[in-house]
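The next block holds one structure in the form of structure tokens; read it before the comments.
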Amino acid sequence: MFSNFLIGLREGLEASLVVCILIAYLVKTGNRNKLVPIWIGVGIAIVVSLAFGAGLEFGSQEMTFKAQEALGGSLSIVSVGLVTWMVFWMRRTARHLKTELHGKLDAALAMGTGALVATALLAVGREGLETSLFVWRAVHAADDGWHPMIGALLGIAAAVVLGWLFYRGALKINLSKFFTWTGGMLVIVAAGVLAYGVHDLQEAEFIGGLHNQAFDISATIPPDSWYGTLLKGTFNFQPDPTVLQITVWALYLIPTLALFLAPVGFGRSVGATDQKARKATDEKPEADSAGDGARDGDGAVGDGERLHDGARRAGSGTGGNQV
């Protein structure tokens, strides 16, 4: 339930911030009459997201067990890819999100009502589709009734309230730290979803190794205990994973979390420093040559001035003798 609350809160807050930025910009620029297309786009995005989730749920019920497992495992991998892309995208562009949205909105205003609807639809719809896919996968992985769905709805409701408070100026929060902490937790959750997706593909006999278990601690952490249920619902924990599940989990979690927690622009800053150092090294001989040339030029100017003064004195002396 907690993992789905986190998904709903994170994705919902991103969508809420996008809507708040769009509305605030239209109000401040005197385009309050253009708010209706924005709300139409938001409404369409919500309907499409709900329809997508319903299609996944009811469409999968008509499949055989192996087909369901294959679909679930494949969508788990897709959802992990989307969530990973989302957390890195927000980490990289959060500080420029407002400027980017303002530019898109200016272009949409120039194009007309349809463009405004499309802008809101695309901005909110992406978050909605990601949420539907990830929550659907988490609901089936947790096997805990409607609790995961309730958690996601509570997270979305909290995100809407936070977005409204941000718009009213009644609440301020360090969004950079918020997205960093929630993004890190989502990477951990995504690692569990990925491992569970691999297990689904093993049960569908798409990949082997289903009976090659890494360990079995079911006696220590029973799956039907309250703490076993909590771990499974939060991190998709499995007390008897296969070797392949553990391998995939570690290969995803360790490098992804390390890259996510690294300072923003770490790789680019190192490269830029090396380029500056090389550029300075290359430019130094040129500067020295230019300095030598300048010094030679100064010497030539000084010699020319001395020759000019000598000629002037010589001319003066000759003129005095003639007079």
Side-chain angles (χ1 to χ4, degrees), residues 1-8 11 49-86 128-153 186-219 221-225 227-253 256:
M1 184 172 179
F2 172 74
S3 62
N4 291 280
F5 175 82
L6 182 63
I7 289 291
E11 298 281 353
S49 301
L50 292 175
F52 178 67
L56 289 174
E57 177 62 26
F58 294 109
S60 62
Q61 292 179 358
E62 303 299 326
M63 298 179 176
T64 63
F65 172 76
K66 287 187 177 181
Q68 288 181 352
E69 296 302 299
L71 176 64
S74 301
L75 291 180
S76 292
I77 296 173
V78 172
S79 64
V80 169
L82 288 174
V83 169
T84 305
W85 173 83
M86 177 266 296
L129 292 176
E130 289 177 359
T131 304
S132 296
L133 177 58
F134 204 91
V135 170
W136 178 83
R137 181 61 263 178
V139 168
H140 284 264
D143 193 21
D144 192 23
W146 287 93
H147 289 169
M149 184 65 69
I150 294 173
L153 292 175
L186 277 182
V187 169
I188 297 174
V189 171
V193 172
L194 180 61
Y196 197 86
V198 169
H199 185 266
D200 282 350
L201 293 177
Q202 288 179 317
E203 288 189 329
E205 298 181 357
F206 269 52
I207 52 179
L210 178 61
H211 302 292
N212 187 15
Q213 291 184 344
F215 53 82
D216 188 352
I217 55 174
S218 300
I221 306 178
D224 55 350
S225 63
Y227 47 91
T229 303
L230 178 63
L231 288 173
K232 184 176 181 61
T234 305
F235 303 110
N236 284 283
F237 172 78
Q238 185 177 339
D240 54 346
T242 64
V243 173
L244 183 59
Q245 281 183 272
I246 291 296
T247 302
V248 170
W249 179 84
L251 290 176
Y252 169 82
L253 179 63
T256 304

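Keep in mind the model is a prediction, meaning the values are calculated, not measured.
Taking CG of Leu244 as the reference point, atom CH2 of Trp249 lies at 14.5 Å (rounded to 0.5 Å). From Leu210, atom CG reaches atom CG of Leu201 across 11.0 Å, with rounding to the nearest 0.5 Å. Rounded to the nearest 0.5 Å, atoms CG (Asn212) and CD1 (Ile246) are 11.5 Å apart. Remark: Leu71 CG to Leu75 CG distance equals 4.5 Å, nearest 0.5 Å. Atom CD1 of Ile217 is separated from atom CG of Asp240 by 9.0 Å, given to the nearest 0.5 angstrom. The CD1 atom of Ile207 sits 10.0 Å away from the NE2 atom of His199 when rounded to the nearest 0.5 Å.
Side chain of Gln213 to backbone of Thr242: no donor-acceptor contact under 3.5 angstrom is found. Side-chain atoms of Ser132 come within 3.5 Å of backbone N or O of Ser49 as a donor-acceptor pair.
Within 6.0 Å of atom CZ in Phe215, more than 12 heavy atoms from other residues, nucleotides or ligands are found, so the atom counts as buried in its surroundings.
Here the options are Val83, Thr84, Val80, Thr256, the test is side-chain contact (heavy atoms from CB on, under 4.5 Å), and the partner is Val187; only Thr256 passes.
Pairs of residues two or more places apart, or lying in two chains, never qualify as salt bridge (Lys or Arg N to Asp or Glu O under 4.0 Å) while including a residue from residues 207-218.
Pairing each heavy atom of Ser79 with each of Ser76, the nearest pair is OG-O, 2.8 Å. Pairing each heavy atom of Ala204 with each of Glu69, the nearest pair is CB-CB, 3.9 Å.
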Worksheet item: Step by step, would you call Gln245 with Leu194 a side chain to side chain contact (heavy atoms under 4.5 Å, CB included)?
Response: CA-CA 8 Å; Gln245 281 183 272; Leu194 180 61; over 6 Å; no
Practice prompt. Quick one: do Phe65 and Glu203 satisfy side chain to side chain contact (heavy atoms under 4.5 Å, CB included)? Show the steps, please.
Written response: CA-CA 9 Å; Phe65 172 76; Glu203 288 189 329; 3.9 Å; yes
